[in-house]
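Written below as structure tokens is the structure these notes are about.
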Amino acid sequence: MEQLYTGSCHCGAVKFEAKVDLAEAFTCNCSLCSKKNAVIARIPEDSFKLVEGEEHLGLYQWNTKRAKHYFCKNCGIYTFHRPRSAPEKYGINIACLDGVDARSLDVPTLDGAALSLES
Ligand SMILES: [Zn+2]
């Protein structure tokens with residue numbers, strides 16, 4: 001079920017709101033997601049709102065440089081990204097959502113290594 005969550009990076013400079021269905025969360029085995037060990041959910045653009053901290057966002061791009069991976073420049077935490085394969089969506093770092101224990105979720109692994117979906 002979709003629910004509205006507030007989320008933030010570790011230092012709190014970046015704050016956002018996201019409507020997320022935790023049942024749709026997944027991990028990805030591409031080289032970047034593996035290192036981040038991130039649990040991700042993809043949501044439509046209008047389900048995401050950056051509340052604070054646009055000026056603190058750093059952008060990381062690699063490979064085809066089409067995806068946009070954002071992180072807090074102050075604390076280094078990955079907060080959200082725009083997927084290459086679905087640029088109209090936001091990928092959300094579930095671990096950044098308030099009150100959600102991302103590691104307690106039983107999530108499938110997306111074969112991003114084969115598809116390079118998150119690059
Ligand atoms: Zn931060």
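Indexing begins at 1, ligand by ligand and atom by atom, following the structure's order.
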Counting only pairs under 3.5 Å, give me each side-chain donor-acceptor contact of residues 19-29, with atom names and distances, residues two or more places apart or in other chains.
from, atom 1, to, atom 2, distance (Å)
Asp21, OD1, Met1, N, 3.0
Asp21, OD1, Ala23, N, 3.0
Thr27, OG1, Thr109, OG1, 3.1
Asn29, OD1, Gly112, N, 2.9
Asn29, OD1, Ala113, N, 2.8
Asn29, ND2, Asp111, OD1, 3.0

In a table with atom names and distances, give each donor-acceptor pair under 3.5 Å that connects a side chain of residues 92-106 to protein atoms at least two apart or in another chain.
from, atom 1, to, atom 2, distance (Å)
Asn93, OD1, Ala95, N, 3.0
Asn93, ND2, Tyr78, O, 2.7
Asp98, OD2, Thr6, OG1, 2.5
Asp101, OD1, Arg103, N, 3.2
Ser104, OG, Asp101, O, 2.7

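For Tyr90, the ring pair (Phe, Tyr, Trp, His ring centres under 6.0 Å) test picks out Phe48, Phe80, with sequence neighbours left out.
Judged purely by atom type and a 3.5 angstrom limit, Arg82 uses its side chain to pair as donor or acceptor with the backbone of Pro87.
Using a cutoff of 4.0 Å between basic side-chain nitrogens and carboxylate oxygens, Lys15 and Glu54 are not scored as salt-bridged.
At least one side-chain heavy atom of Glu17 sits less than 4.5 Å from a side-chain heavy atom of Lys49.
Listed by chain and residue number, the protein N/O/S atoms under 2.8 Å of the Zn ion (ligand 1) are Cys9 SG, Cys11 SG, Cys72 SG, Cys75 SG, with waters left out.
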